[in-house]
2 protein chains.
Amino acid sequence: MTLEDTLKAIVPADRALERAVQAHLDDLTKPPGSLGRLEELASRYCLATHTVTPSLAGKAIVVFAADHGVTAEGVSAYPREVTPQMVRNMLAGGAAINVLARHVGAELTVVDIGVDDPLDDAPGLCRRKIRRGTANIATGPAMSLDEAKRAMQVGIEQAAAACERGASLLGTGEMGIGNTTPASALFAARLPCPVEAVTGRGTGLDDARLAHKVAVIERALAANRAALGDPLAALAALGGLEIAGICGLVLGAAARRVPIVVDGFISCAGAFAACQICEPARDYLFFSHRSAEAGHKVFFERVGVRPLLELDMRLGEGTGAALAIAMIEGAVRIYNEMATFSSAGVAGKEKG
Amino acid sequence: MTLEDTLKAIVPADRALERAVQAHLDDLTKPPGSLGRLEELASRYCLATHTVTPSLAGKAIVVFAADHGVTAEGVSAYPREVTPQMVRNMLAGGAAINVLARHVGAELTVVDIGVDDPLDDAPGLCRRKIRRGTANIATGPAMSLDEAKRAMQVGIEQAAAACERGASLLGTGEMGIGNTTPASALFAARLPCPVEAVTGRGTGLDDARLAHKVAVIERALAANRAALGDPLAALAALGGLEIAGICGLVLGAAARRVPIVVDGFISCAGAFAACQICEPARDYLFFSHRSAEAGHKVFFERVGVRPLLELDMRLGEGTGAALAIAMIEGAVRIYNEMATFSSAGVAGKEKG
């Protein structure tokens with residue numbers, strides 16, 4: 001599906017089903033509302049999939065890997081070579097996301113959407129490189145508009161492929177040394193908000209390097225000022241390729257009415273871009289967790305969302321999405337598998 | 001094992017292993033600490049099981065069901081018959097805890113420790129009834145000290161049996177109409193704190209009935225004043241039988257160095273009693289979630305614990321424990337299955 005057709009296919013969740021879904025939840029053998037957010041998850045899943053009889057079969061997490069020209073400015077605690085090294089680690093099954101994807105029974109796909117390494121000897125890698133890393137956003141655009149659209153197209157195709165393999169719940173993931181910088185830049189430009197409010201330590205910067213990172217993002221916003229008024233142009237200008245891929249994955253999932261679990265800070269930047277490009281995509285999102293990255297809290301406050309988990313995680317890769325996928329699956333199973341008051345012969349609440 | 005031998009067998013977690021466990025966590029291919037509370041869970045599991053090479057095989061949730069004489073005072077939104085009805089629902093596999101136990105792969109045992117119903121036709125039920133419900137605590141003791149000890153013994157035996165069947169992580173659960181009342185009474189008496197601070201709406205009381213419940217608990221504390229200075233005597237005086245069972249389960253798990261996940265408000269009352277009876281038992285506890293029951297927050301503040309999840313759940317049964325069990329299992333798998341920096345050929349953090 002093209003980007004244009006994808007955007008056309010995205011409709012809001014079916015809120016007309018809300019009453020019937022709630023009636024079923026209230027008929028289950030428990031006090032009404034006593035499963036709290038699990039009930040909210042089940043309801044949201046039903047409305048997004050436009051049915052009162054949901055089925056959640058396959059789960060799939062897609063990890064987009066890319067490099068960032070802005071690492072030349074010294075914005076990350078880790079060297080750039082770690083991106084391809086971690087891609088190989090993921091392909092070998094040794095990264096955190098491998099363990100958690102296995103644990104929750106989710107298929108994992110690792111997509112090279114822009115790693116600055118040929119990754120020749122990398123069996124199992126999904127090869128969709130748009131370019132070898134973005135340009136340095138501190139001095140100009142991360143990529144062209146065409147490149148951003150092609151990266152989004154990669155995400156759209158990944159959503160389609162995962163769904164065709166049987167997924168009915170997707171999760172986002174990413175790997176890219178330096179990628180909190182473009183994510184923070186996008187939030188600053190498009191929430192919008194002051195750079196300091198959405199800029200954190202990433203994988204572990206000290207105070208001086210954090211101040212430097214803020215200054216680099218200020219320069220990036222200044223260098224790309226003309227592009228920041230439009231969400232797609234801003235995404236191309238500030239990057240990165242994996243964020244554009246996540247944006248496409250969200251849009252592709254929403255177009256197929258398949259709910260998608262958003263991982264951490266960087267994934268939120270991609271999902272946020274998707275919602276700015278196509279507002280109804282929001283109905284298909286589950287925000288998995290609030291990470292320890294400063295600025296994630298600001299994002300959630302501004303968009304009025306309460307994430308499911310707060311576990312002080314700040315790794316990305318899709319690790320938060322994996323944990324949330326298990327909870328959403330549990331919620332849908334509650335909806336589908338619990339007995340009702342009448343079927344189980346259980347008395348309801350007393351009057352008064 | 002007798003109660004006396006169980007208490008003797010409980011030793012603190014092995015804090016001497018902390019450095020080695022942390023060193024292994026820091027050698028995994030992720031920035032140090034970036035998996036946040038998952039790392040804390042893995043470390044706690046290692047220390048409690050006294051090993052740097054943990055294995056988490058079987059998981060088991062034990063649900064204790066019992067009735068409460070204090071329901072005669074009108075402290076619950078549901079009629080008393082719901083306790084045996086829900087026991088039958090659990091045995092048929094239709095309750096929320098059945099669904100979530102299946103979802104996380106935990107064995108589920110339902111123990112009649114004091115239901116006011118013969119439950120004759122209840123295949124699969126573990127029959128350990130101490131008495132048919134407690135007496136009304138508003139007018140006197142819930143049970144005798146001997147009955148309380150026998151209920152604790154049931155819990156100790158259930159812990160042993162589950163471990164012998166292969167469990168290396170336990171979870172608590174309960175079912176008992178009216179059981180937020182004895183739980184609140186125990187917290188008020190033993191944290192200690194004002195009754196209103198730890199008394200909530202249970203399964204759904206309105207304002208007037210909540211005020212009535214507070215008054216009933218005040219009467220219970222006055223009627224049992226002489227017993228409240230000792231944790232075991234207070235447990236017997238205020239009840240209930242399932243809370244004493246949970247207390248025993250915690251002690252039995254700790255004696256075997258098997259970590260145990262504490263479910264919600266009522267389970268916390270049992271775990272709290274266990275820790276007051278034998279302080280080192282605390283090292284074996286994982287507090288799964290903060291429920292929507294007012295007072296649970298007060299408990300966590302007073303004991304200085306941050307529970308893992310906050311999902312506005314208030315059902316009990318072990319539902320919160322089930323969700324947390326999956327997260328702890330994920331954390332232990334992270335510890336065991338992730339690659340290390342050296343083995344995966346991934347570069348570490350840059351100096352400076």
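Worth saying up front: this structure is predicted, and the values here are computed from it rather than measured. Protein chains get the first letters and strands the later ones, always in sequence-line order, with residue 1 at the start of each.
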Using non-hydrogen atoms and a 4.5 Å limit, figure out which bit of Glu39(B) sits close to chain A: side chain, backbone, both or neither. neither

Is Ala292(A) in contact with chain B via its backbone, its side chain, both, or neither, using a 4.5 Å heavy-atom distance? neither

I need the residue from Ala322(A), Ala96(A), Gly204(A) with the largest number of non-hydrogen atom pairs under 4.5 Å to chain B. Ala96(A)

Is Pro84(A) in contact with chain B via its backbone, its side chain, both, or neither, using a 4.5 Å heavy-atom distance? neither

Per-residue contact mode, Glu329(B) against chain A (heavy atom under 4.5 angstrom): both

Rounded to the nearest 0.5 Å, the CG atom of Leu100(A) sits from the CE atom of Met327(B) at a distance of 9.0 Å

Using non-hydrogen atoms only, which part of Thr319(B) is less than 4.5 Å away from chain A: side chain, backbone, both, or neither? side chain

At a heavy-atom separation under 4.5 Å, does Leu309(A) approach chain B through its side chain, its backbone, both, or neither? side chain

Let's test your reading of the structure: which of Glu310(A), Arg306(A), Gln85(A) forms the most heavy-atom pairs below 4.5 Å with chain B? Gln85(A)

Check whether Ile334(B) gets within reach of chain A through its side chain, its backbone, both or neither, counting any heavy atom under 4.5 Å. both

Which atom pair, heavy atoms only, marks the closest approach of Tyr78(B) to Pro32(A)? OH-CD, 3.4 Å

Heavy-atom distances under 4.5 Å only: say whether Ala347(B) touches chain A with side chain, backbone, both or neither. both

Checking His103(A) side chain against Ala331(B) main chain: does a donor-acceptor pair fall under 3.5 Å? no

Side-chain touch Leu35(B)/Asp312(A), heavy atoms, less than 4.5 angstrom: no

Student check: side-chain heavy atoms of Leu311(B) and Leu308(A) closer than 4.5 Å: yes

Which atoms of Asn89(A) are under 4.5 Å from chain B, going by heavy atoms: the side chain, the backbone, both sets, or neither? side chain

Lys30(B) with Glu317(A): basic N within carboxylate O range, under 4.0 Å: no

Is any side-chain heavy atom of Pro31(B) less than 4.5 Å from a side-chain heavy atom of Leu315(A)? yes

Among Arg88(A), Arg102(A), Met86(A), who wins on heavy-atom pairs under 4.5 Å with chain B? Arg102(A)

